[in-house]
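Encoded as structure tokens, the structure appears first; notes follow it.
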2 protein chains.
Amino acid sequence: MTTATSTRELAHPTRDEIRLEGVLHALSDPMRLLIVREMAVAEADLACSYFTLPVTKSTTTHHFRVLRESGVIRQAYRGTAKLNGLRREDLDALFPGLIERVLEAAALEADRLGTDD
Amino acid sequence: MTTATSTRELAHPTRDEIRLEGVLHALSDPMRLLIVREMAVAEADLACSYFTLPVTKSTTTHHFRVLRESGVIRQAYRGTAKLNGLRREDLDALFPGLIERVLEAAALEADRLGTDD
DNA sequence: CCCATTGTACGACGCTCTTCGTAATTACAG
DNA sequence: CTGTAATTACGAAGAGCGTCGTACAATGGG
């Protein structure tokens, strides 16, 4: 691959291709759940560099890809940065209320365990 | 271990020990999601032998253990059988509405994909 | 043009997971 | 007591996952 792609486009699953098992698996990792929680609070697209995770950049990139390929988030380039946002509409259409409950459950658990951020 | 345990008791996590990540991971496996779905429909405790999964008994036992150790189900012996039931009260207390949404999402997806049962 | 910033690709390591087969355990029926 | 049915325990094979380090690609400012 000589990298002739000037499009800078990222492959996303269509709404029909999103699978519940994939979404649940994507959300079952602590780092990814943390990313999704921050993203949900932001209500706006955030760059990868916005997130300060206790892992390297390589690992962060990996987690963002898992989230994108499972259909949880959407990614788009903007200059040298890459903006990330939750695919709330698609997720709510496929799995009504699921993401909201997961986020709520995560917040409750963080509060319960005192391990928030 | 000479198996001196006559108690026939199974180790379950207490409500406080249940973790969201563990529950999501347990539910992210197709076989386990299938088990949970059947269990939710039944509204009563079911024996392992009730479930007809496309895997061997060993694997089935493994999945039941994952579900139990993550806090999703409760298991108790009754004679030579072992009854399984969802821990709805605990799960709803920790993660309100989560299980219901997951089950609803699974039903919707099965309907959408035509892969129900 | 050069360089700093941002993120990716690739390979690697160790760990976990799903699955299986076989041997063992428990409870009940005859 | 002997046998059968239900389930577990143990070990193993194979795949997948999370993490890292290093080298690379793309964008935008001096």
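When heavy atoms are screened at a 4.0 angstrom cut-off, B:R78 is found touching no nucleic acid atom at all.
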Steps toward side-chain contact (heavy atoms from CB on, under 4.5 Å) verdict (B:L103, B:R37): CA-CA 6 Å; B:L103 291 170; B:R37 289 183 61 199; 4.0 Å; yes
B:L20 vs B:L24, side-chain contact (heavy atoms from CB on, under 4.5 Å): CA-CA, chis, key distance, verdict: CA-CA 6 Å; B:L20 177 60; B:L24 292 179; 3.9 Å; yes
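Taken residue by residue, residues 59-72 of chain B places heavy atoms nearer than 4.0 Å to DNA chain C at B:T59, B:H62, B:H63.
We find that A:R78 and A:D45 are not joined by a salt bridge, their nearest charged nitrogen and carboxylate oxygen being 4.0 Å or further apart.
A donor-acceptor pair under 3.5 Å is absent between the side-chain atoms of A:R32 and the main chain of A:L27, judged by distance alone. A distance-only check finds a donor-acceptor pair linking the side chain of B:T60 to the backbone of B:T56 [under 3.5 Å]. Without hydrogens or angle criteria, B:H12 side chain to B:Q75 main chain gives a donor-acceptor distance under 3.5 Å. Between the side chain of B:E38 and the backbone N or O of B:I35, no donor-acceptor pair lies under 3.5 Å.
Between A:L24 atom CG and C:dC17 atom P there is a gap of 16 Å when expressed in whole angstrom units. Going from atom NZ of A:K57 over to atom C1' of C:dC10 covers 18 Å, rounded to whole Å. Spacing between atom CG of B:D29 and atom P of C:dT16 amounts to 18 Å, rounded to whole angstrom units. Rounded to an integer number of Å, the gap from A:I35 CD1 to C:dG7 P is 12 Å. Rounding to whole angstrom units, CG of residue B:L46 and P of D:dT7 are separated by 11 Å. Counting to the nearest Å, the C1' atom of D:dG28 and the OH atom of A:Y77 are 16 Å from each other. The CG atom of B:L10 sits 12 Å away from the P atom of D:dT7 (whole-angstrom rounding). If you take CG of A:L53 and P of C:dG7, they are 12 Å apart, rounded to a whole angstrom.
Side-chain atoms of A:T80 and base atoms of C:dT5 include a donor and an acceptor less than 3.5 Å apart.
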Pull out every protein N or O sitting under 3.5 Å from an N or O of nucleotides 22-24 of chain D, one pair per line with the distance.
unit_1: D:dT22; atom_1: O4; unit_2: A:S58; atom_2: OG; d: 3.1

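Residue B:S49 has its side chain nearest to D:dA6 when only C:dG7, D:dA6, C:dG21 are considered. Among the nucleotides D:dA6, C:dT19, D:dG18, the one closest to any side-chain atom of B:A81 is D:dA6.
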Which nucleotides of DNA chain C pair, in dot-bracket form (Watson-Crick or G-U under 3.5 Å, | meaning another strand): ||||||||||||||||||||||||||||||
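More than 12 heavy atoms of other residues, nucleotides or ligands shown are found within 6.0 angstrom of CD on B:E69.
Between the side chains of B:S58 and B:T61, not a single donor N or O lies within less than 3.5 Å of an accepting N or O.
A:L86 and A:A40 get closest at one heavy-atom pair: CD1-CB, 3.8 Å. Minimum interatomic distance between B:L91 and B:G71 (heavy atoms only, all atoms of both residues): CD2-O, 3.9 Å.
Counting heavy atoms from C-beta on, the side chains of A:F51 and A:L46 come closer than 4.5 Å.
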